[in-house]
Amino acid sequence: MSRYNFRESEARWQEVWEQRGVFRASIDRSRPKYYVLEMFPYPSGRIHMGHVRNYTLGDVVARHRRALGYSVLHPMGWDAFGLPAENAALERGVHPAKWTYENISTMRAQLKSMGLSLDWSREFATCDPDYYRHEQKMFIDFLKAGLAYRKEAFVNWDPVEQTVLANEQVIDGRGWRSGAPVEKRKLSQWFLKITAFADDLLDALQRLDRWPDKVRVMQEKWIGRSSGAEIRFALKGREDRLTVYSTRPDTLFGATFCALSPDHALAEECARKDPALAAFIAECRRAGTSEAAIESQEKRGYDTGLRALHPFIPGKELPVYVANFVLIEYGTGAIFGCPGHDQRDLDFARKYGLPVIPVVLPPGADPKTFAIGDEAYTEDGTIFNSGFLDGLGVEEAKRAAGARLEALGAGKPQTVYRLRDWLVSRQRYWGCPIPVIHCEQCGAVPVPEKDLPVMLPKDASFDRPGNPLAHHPTWKHVACPVCSGAAERETDTFDTFFESSWYFARFCDPKGKTAFAREAVDYWMPVDQYIGGVEHAVLHLLYSRFFTRALRQCGYIGIDEPFAGLFTQGMVCHETYRGPDGEWLTPSEVKREAGTVVRLSDGAPVTIGRSEKMSKSKKNVVDPTEIIAAYGADTARLFMLSDSPPERDLEWTEAGVDGAWRYLNRVWRLVTEPPVPLPPPGTPKPAELSAEAEAAWRAAHKAIAAVSEHLEAFRFNVAVAQVRTLSNALAELDGTGPGEAWALRFGLETLTLLLGPMAPHIAESMWEALGREGLLCEQPWPKADPALLVEDRVTVAVQVNGKLRGTIELPRDAANDDAQSAALAHPAVQRSLDGKTPRKVIVVPNRIVNVVA
RNA sequence: GCGGGCGUGGCGGAAUUGGCAGACGCACUGGAUUUAGGUUCCAGCGGCCUCGGCCGUGGGGGUUCAAGUCCCCCCGCCCGCACCA
């Protein structure tokens, strides 16, 4: 018995594909184009199973589309700037560039071992100056177009490391490495004006009909368009006014307090005269900056002593608090509190003994007795206790209140977005330098185009706290491009989402002197199918949508939406293991033994934990390289596609990999050791087919139809099951009857073609073993004959009162009367009816007969 | 806290979108062949059962001739929340 030699085979086919350049993309106007893109990887060091899954899914799409006759673009590159490179520099003394490019070469080799149908000639890394020079020019164009600007914003500042921390690096108010209490600091930073496109980004979501609904909903919520009113409260004894935003101006008569964010200018002003308030504000700032942290903590406040005057009720004063649940980033950073109709306000009012005035009456409630208990009433109803608004519905009252505010000069209706402008400044070394020069005389001046790119200095030092670019002895000192006086470079670099917001368009012409060759971009864009993790559902995808619009406005490209189709894959998970001392163990450190799991080294008992996303911290990782070395890429790919639907989490199991491996060997035997010799390739269908031959022939056509349909719909697990169903049918054939050897060849060739996108190496070998000319990956996708998909006879279920009592065989499309009488004649039906006369019989042709007694 | 998603045998999952629940696998059980090689082949495999059936798609209610699928309420788990990428 000859075993399939995957090592020899995979290496050979990969070389053949590369030598013949079969996956090279080119503009070909005689065919429809198809651009398949998987989210490009961050070069962290080695590929992980998430990559294997992502790139397997994309490769199935790419190979399938190629077989369907499309001109396919399927490129690969590296999202190469980012924090981990700097951490490596700090921890191991490796330069970020060296670390990054070495990782890239390791990971490139790993990806190549997967046999992906990529056009490697288009590869680039975003840290290549030839890449990032273009985004520096884009930024300058954005500046000119008013899409980039500078303003002050709060950051998490680690006083020991002298650096800005990400929210995830702040743990319990302290820096993750230094342990020092994190300060909120205001820094002057660069922003991109994504809010300028808020309405368009929101409205265009409706047209992205090949995106998952959940992603569209997430983006919709993220943009968070709301209409309400801006209300300007007069302050007792002061000239200035307090501006708040509310989505519920209809509840203004129920207002019993106002509240400021701890970061509000007025709060800071009051704190200068009130040390206890200053202490309260400091405490709020320590509690964490993320929206999650702020909104889930206990509501607390501090009375500033200021009193706001109600715009509609003369003489009514509202206390002004500083409250920890008011976000500075949303609206105006100040609110009015209506405890009756907002849960947060209610919690706050109860805690501080503030009055609760209901102003929205639920339908059917009695205005004399209706009162608010522990729950605020947030549904629709009729306004009451509200002067001129009484009797209106919530929506009319919003409009009426807005109009009255405007008439009084105390506010106006307003639309507000949750979406904030994109802060792109990072105080880091390993990123694209922001091409601006700061001059005392001339202000912030863009670097002239002839001086681009602004390159990172190679000789930065990472051994002391702070931004290496800022410390560099010479790099930042330059002459002002306008007045030639002494000036300094901007030492901030771009957020790495900047690079990933346009790489997809660069792949159309990756070596061009300008960012985009219009001909190539116009031909290939948009991406027809984009594939990646849901974790990017909002930020990366929204930034890319914005960036594409900004590039269009600046004349770079002609489209708005970068990704016509989107697919978000699930995570790769694995069981977790803990040894006797509670320490995490990797799957390779344990073994299964008689139903339990023990440690490989000493047989100590191991506790099995639930399956979780593979992560270094829990050690539940399986290295793709080891799997590919042990089983081959095809087995790994097939397992990735089997069982779990691609959008759901996949559990990696040893048994599942074995199953995929056994299946491929089984298929190999089917092709190389058929029960009878196969007729030569191209033999015409014989006139006579045995019943078995006919069944196998039909099974092949059904498999073509089913696999095609499921591949289109991203149901790859079902497509794999259908391929297996075909191999089961072919294994049944003994080949001796009329036409059976022919049917077997037809079935095996079909099987090979269908398996091609999933397990491309073994499929090439099968094609060769079947004696066919040419490369399998260049064969057209097979077509199913619709006439062979339907059977002459069908099995129809027979129910009595909706319960299954048996089945009957009928000719296809039999008359309803025939179906009915056949069903009534069924012994089980007679038994169930027990002499009763059926009241009604429902016949669904070719499916079911339901006898209602 | 807010937002999003998911619950079907021991396990992963399937089910022409309202029409035979459990396709295809994994695990397991019995048998055959080979037996030191990540074998292969055959049979069985939701639960209960008086062998005629009864119960079963997280739980409870509803619509319908018919519900995993549609509607209402509840429970559990997972993910995101703006400087990780």
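So that the names make sense, note that chain A is the first sequence line, chain B the second, and so on, each numbered from 1.
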> How far does the P atom of B:rU33 sit from the matching atom of B:rG12, given to the nearest Å?
36 Å

> Can you tell me the pairing partner of B:rU57 across any strand shown, Watson-Crick or G-U wobble, with both distances under 3.5 angstrom?
none

> Taking only N and O in the side chain of A:Asn717, is any of them less than 4.0 Å away from OP1 or OP2 of B:rA23?
no

> Under 4.0 Å between any heavy atoms, over every strand shown, what does A:Leu83 touch: base, sugar-phosphate, or nothing? Just pick one.
sugar-phosphate

> Rounded to whole angstrom, note down the P distance from B:rC70 over to B:rU57.
15 Å

> Quick one: does A:Arg428 reach the base of B:rC83 with a side-chain donor-acceptor pair under 3.5 Å?
yes

> Indicate, with a heavy-atom threshold strictly under 4.0 Å, whether A:Gln799 touches base, sugar-phosphate, or nothing.
base

> Any donor-acceptor pair under 3.5 Å linking the side-chain atoms of A:Asn801 with those of A:Arg839?
no

> Is a side-chain N or O of A:Arg418 found less than 3.5 angstrom from the main chain of A:Ser226, in a donor-acceptor match?
no

> Touch check for A:Gly656, heavy atoms < 4.0 angstrom, all strands: base, sugar-phosphate only, or nothing?
nothing

> Strictly by Watson-Crick or wobble contacts shorter than 3.5 Å, is anything paired with B:rC65, and which nucleotide is it?
B:rG19

> May I ask you to say what A:Ser44 touches in the nucleic acid, namely base, sugar-phosphate or nothing, with a heavy-atom cut-off under 4.0 Å?
nothing

> Looking for any heavy atom pair under 4.0 Å, which part of the strands does A:Arg662 touch: base, sugar-phosphate only, or nothing?
sugar-phosphate

> Are A:Arg648 and B:rA14 close enough that a side-chain N or O sits under 4.0 Å from OP1 or OP2?
yes

> Pairing check on B:rG3: which nucleotide meets the Watson-Crick or G-U wobble criteria with it, both distances under 3.5 Å?
B:rC79

> Closest approach of A:Pro41 and A:Tyr55, non-hydrogen atoms and distance?
CD-OH, 3.0 Å

> For B:rU17, does the glycosidic angle fall within 90° of 0 (syn) or outside that (anti)?
syn

> Considering just the side-chain nitrogens and oxygens of A:Thr496, establish if one lies under 4.0 Å of OP1 or OP2 belonging to B:rA85.
yes

> Mind checking A:Val164 for me? I need base, sugar-phosphate or nothing, with any heavy atom below 4.0 Å counting as a touch.
base

> Please determine whether a side-chain nitrogen or oxygen atom of A:Arg715 lies at a distance below 4.0 Å from atom OP1 or OP2 of B:rG13.
no

> What is the nucleic acid contact for A:Ala660, judged by heavy atoms within less than 4.0 Å: base, sugar-phosphate only, or nothing?
nothing

> Kindly say if A:Lys803 contacts the phosphate of B:rG53, meaning a side-chain N or O under 4.0 Å from OP1 or OP2.
no

> So, do A:Tyr663 and A:Ser727 sit near enough that their side-chain heavy atoms are less than 4.5 Å apart?
yes

> Establish whether the base of B:rC83 is bridged to the side chain of A:Gln189 by a donor-acceptor pair shorter than 3.5 Å.
yes

> With a 3.5 Å limit on both atom pairs, tell me what B:rG30 is paired to, counting Watson-Crick and G-U wobble, or say none.
B:rC42

> Sticking with atom C1', work out how far B:rG22 lies from B:rG13, rounded to a whole angstrom.
9 Å

> Respond yes when some side-chain nitrogen or oxygen of A:Lys221 is under 4.0 Å from OP1 or OP2 of B:rG4, and no when none is.
yes

> Between A:Trp661 and A:Phe639, does the ring centre distance come in under 6.0 Å?
no

> At 4.0 Å (heavy atoms only), tell me whether A:Arg805 reaches a base, stays on the sugar-phosphate, or touches nothing.
sugar-phosphate

> Would you classify B:rG5 as syn or anti? Syn applies when the glycosidic angle is within 90° of 0.
anti

> Should B:rG12 form a Watson-Crick or G-U wobble pair with both distances under 3.5 Å, which nucleotide is its partner?
B:rC24

> Over all strands shown, is A:Arg420 touching base, sugar-phosphate only, or nothing at heavy-atom distances under 4.0 angstrom?
base

> For A:Asn728 and A:Glu732, test the side chains for any donor-to-acceptor distance below 3.5 angstrom and give the result as yes or no.
no

> With a 3.5 Å limit on both atom pairs, tell me what B:rU50 is paired to, counting Watson-Crick and G-U wobble, or say none.
none

> Report yes or no: do A:Ser188 and A:Glu152 form a side-chain donor-acceptor pair below 3.5 Å?
no

> For A:Trp422, report the nucleic acid contact type (base, sugar-phosphate, nothing); a contact means any heavy atom under 4.0 Å.
nothing

> In whole angstrom, give the distance that lies between atom CE of A:Met571 and atom P of B:rC6.
14 Å

> Have a look at A:Ser642 and say if it touches a base, only the backbone sugar-phosphate, or nothing, with a 4.0 Å heavy-atom cut-off.
nothing

